[in-house]
Amino acid sequence: MPTNRTLTRRTFLHSLGAAAAGAALSACAGTIASPPTSTPEGPVTNADEALQRLLDGNRRYVAHQSIEVNESETRRIEVAQGQNPFATLFSCVDSRVPPELVFDRGLGDLFVVRTAGQVIDSAVLGSLEYGVAELKIPLLMVLGHEKCGAVKATIETIEKNATAEADINALVEAIRPAVEKVRGQPGDLLDNAVKANVELTVSLLKTSPILAEAVENGTLKIVGARYDLDTGVVEVTVS
Ligand SMILES: [Zn+2]
């Protein structure tokens, strides 16, 4: 049952947390960089703080020191009254890149939009604009990832000079400019295309009048990043 699984996982992780804390106390200073903490967090007031909070969470995740922040019943009741997420994550649907896990965040923290290869359509753009116009979210991160299947499929379709099936072709056509941009460049074509796709997506988002105005006003920052499937590390690639 999901409940039992959840309880078991939590109990296990809490045990790990206690063990890590014990290790931190007994280890030499400096050997454990950032042990788990339950220090209350202040409000996020700008994009830089939001980005720092994301990267701090990612560091905990990478170091197996997730603290399950904002997953409590108290938090659930608190955010039932209203949401105030500090970052928008526009990322891929890939099952290996779940934003709340990757950034060690919980309920009400992240406003998440996911499509294959972070492809934009009007519903996506409207959702992202809503996050800025109504929820006043200060940071929008476009998160691509290593070995993205949507980008890989686009490369294969282009190389075969083919057309993808049904609406999958809409994904291919949206990602095509990123692949075309880096074809012939040194390095791994797929990884280069993943990075280019994030760059072009960030540029495209800045053509939205609502998002562009917020960037201009200094109330929004749009950044691009890459998630490494092997290490779990999120690297900011466009800032
Ligand atoms: Zn992907």
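Just so it is clear, the model here is predicted, and its values are computed rather than measured. Whatever order the structure lists them in is the order used to number ligands and atoms, beginning at 1.
Atom CD of Q118 is separated from atom CG of L205 by 10.0 Å, given to the nearest 0.5 angstrom.
Nearest heavy-atom pair across G106 and E71 is CA-CG, 4.2 Å. Nearest heavy-atom pair across Y227 and R96 is CE2-O, 3.8 Å. C148 and G117 make their closest contact through SG-CA, 4.1 Å (heavy atoms, listed as atom of the first residue, atom of the second, distance).
Here the Zn ion (ligand 1) has protein N, O or S atoms under 2.8 Å from it, and they come to 3.
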Quiz: residues 151-170 side-chain donor-acceptor pairs under 3.5 angstrom, not counting sequence neighbours:
{"from": "K152", "atom 1": "NZ", "to": "E156", "atom 2": "OE2", "distance (Å)": "3.2"}
{"from": "T154", "atom 1": "OG1", "to": "A150", "atom 2": "O", "distance (Å)": "2.8"}
{"from": "T157", "atom 1": "OG1", "to": "A153", "atom 2": "O", "distance (Å)": "2.7"}
{"from": "N169", "atom 1": "OD1", "to": "A164", "atom 2": "N", "distance (Å)": "3.0"}

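Cation-pi geometry between R114 and F90 is not met at under 6.0 angstrom from the ring centre and within 45 degrees of the axis.
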